[in-house]
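Below is one structure, written out as structure tokens; comments come after it.
None of these values were measured; they are calculated from a predicted model.
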Amino acid sequence: MLFGGETADSYHDEGLTAFVKGDIEGAVAFFLKALQLDPRATPALHQLGKCYLRLGKTAQAVQTLEQAVNQNPGLLVVQADLGYALLEAGVPERAGRIFETILRVQPDQPRATLGLAYCAFQRADWVSAALDAKTAVDAGQGNFAALFLWGRAARSAGLGDYAEGLDRAETLIQKTIETNPDQPEGYYFCGEVYFVREEFAKAVEFYRQAEDRSQPGRRYSAFNEHFSKIDTISKRGLCHHRMGNGEEARKAGKELLELDPNHKIGHLLTGNRLPAG
């Protein structure tokens, strides 16, 4: 028996609890039950869309969040989450329009500004991405996602302030490792910082530690980024490839192909031709 009875609100609350605990599939079941009881429960739709995004079900996430926005267009946080889902779906033009709409209503909204930075990054407009990410940082969005995007975009653009963004991002992610030493996320994203710096030997160390802490088949999400155990192997192999360690790169490639025979980086690392299609 649910605390509070068989109501949409009770199932919504149970879904939030499951989401916080990392039981995303369990949370989906609770939010779906809430929507059975109240199809117009916008908060449940919103959270269901976020769950689908965490699970890698991007199309379902976009559809669900669109429904939530249509039910309550005034909720800017739902609009922002739809924008990020569209970025994940590879539709930066439409995502950008959503972020611009939010900023017309709330000009100092740093999450929407960061969203525009991601849109520019997907377009390979490195300068705009760096400037928008830095604006988001200055407006209070000084989390790892904003700092890391600022650093890597600025580096790609050849801007001199890239090191500050990456250094500050590393400081934050090292604190995550100290707080959660048994979880893979901190190690993976620390590896990402070193990869952007082209310090590949250090990156390998952190990717390996993330790999050791990752569960096969599980998708991890943090800081607007997603990865799985197979991604840690892929990045480790790419580091060895960049360092000229051919044998280690091929070994990683073989590991990838054992897990996914069509993995493009696996074929790259082993020197095979890419499969058709």
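Between E211 and R208 there is a salt bridge, since at least one side-chain N of the basic residue sits less than 4.0 Å from a carboxylate O of the acidic one. The existence of a salt bridge linking D167 and R197 is confirmed by a sub-4.0 Å separation between a basic side-chain nitrogen and an acidic carboxylate oxygen. Salt bridge E248/R236: absent, no basic N to carboxylate O contact under 4.0 Å. Of the charged side-chain nitrogens involved, at least one lies within less than 4.0 Å of a carboxylate oxygen, so that D125 and R123 count as a salt-bridged pair. Salt-bridge annotation for K251 and E255: absent, with no side-chain N of the basic residue lying under 4.0 Å from a carboxylate O of the acidic one. Taking the charged nitrogens against the carboxylate oxygens, E199 and K202 do have a contact shorter than 4.0 Å, which makes a salt bridge. Under a 4.0 Å N-O distance rule, the pair R94/E66 qualifies as a salt bridge.
The aromatic rings of F206 and Y194 lie parallel to each other, their planes meeting at an angle below 30°, with 60° marking the opposite boundary. Taking the six-membered ring for Trp and thresholds of 30 and 60 degrees, F31 and H12 have ring planes inclined between 30 and 60 degrees apart. Using cut-offs of 30° and 60° for the angle between ring planes, the F223 and F189 rings count as perpendicular.
Proximity of a side-chain donor or acceptor of Q109 to a complementary backbone N or O of A112 within less than 3.5 Å is detected. Distance alone, capped at 3.5 Å, places no donor-acceptor pair between the S10 side chain and the E6 backbone.
For the pair L35 and A41, the tightest heavy-atom approach, listed with the atom from each and the gap, is CD2-O, 3.6 Å. Annotation for Y118 and A145: closest pair OH-CB, 3.6 Å, computed over non-hydrogen atoms. C239 and A203 get closest at one heavy-atom pair: SG-CB, 3.7 Å. Shown here for A153 and A129, the closest heavy-atom pair between the two residues is CB-CB, 3.8 Å.
Summarising the geometry, atom CE belonging to M243 is positioned 11.0 Å from atom CG belonging to L238; distances are rounded to the nearest 0.5 Å. H241 contributes atom NE2, which lies 10.5 Å from atom CD1 of I265 (distance to the nearest 0.5 angstrom). Remark: W150 CH2 to L114 CG distance equals 13.0 Å, nearest 0.5 Å. Note that the OG atom of S214 and the CZ atom of F227 stand 5.0 Å from one another [nearest 0.5 Å]. Note: L76 CG to L103 CG = 9.5 Å, rounded to the nearest 0.5 Å. Remark: R219 CZ to I230 CD1 distance equals 13.5 Å, nearest 0.5 Å.
When only modelled atom types and interatomic distance are considered, R168 and T171 share no side-chain donor-acceptor pair under 3.5 Å. T179 and T176 are not linked by any side-chain donor-acceptor pair at a separation below 3.5 angstrom, with hydrogens and angles left out of the test. A donor-acceptor pair shorter than 3.5 Å cannot be found between the side chains of T58 and E88. Counted by atom type alone, Y220 and Q183 present zero donor-acceptor pairs between their side chains at under 3.5 Å. Using modelled atom types and a 3.5 Å distance limit, the side chains of S234 and D231 yield no donor-acceptor pair.
Following chains of ILVMFWY side-chain contacts shorter than 4.5 Å, one cannot reach I177 starting from V204, and the two form parts of different hydrophobic clusters.
Screening Q47, K50, H46 against D81 for a side chain to side chain donor-acceptor pair (under 3.5 Å) leaves a single residue, H46. Across K235, R152, E225, a single residue satisfies side chain to side chain contact (heavy atoms under 4.5 Å, CB included) together with E192, and that is K235.
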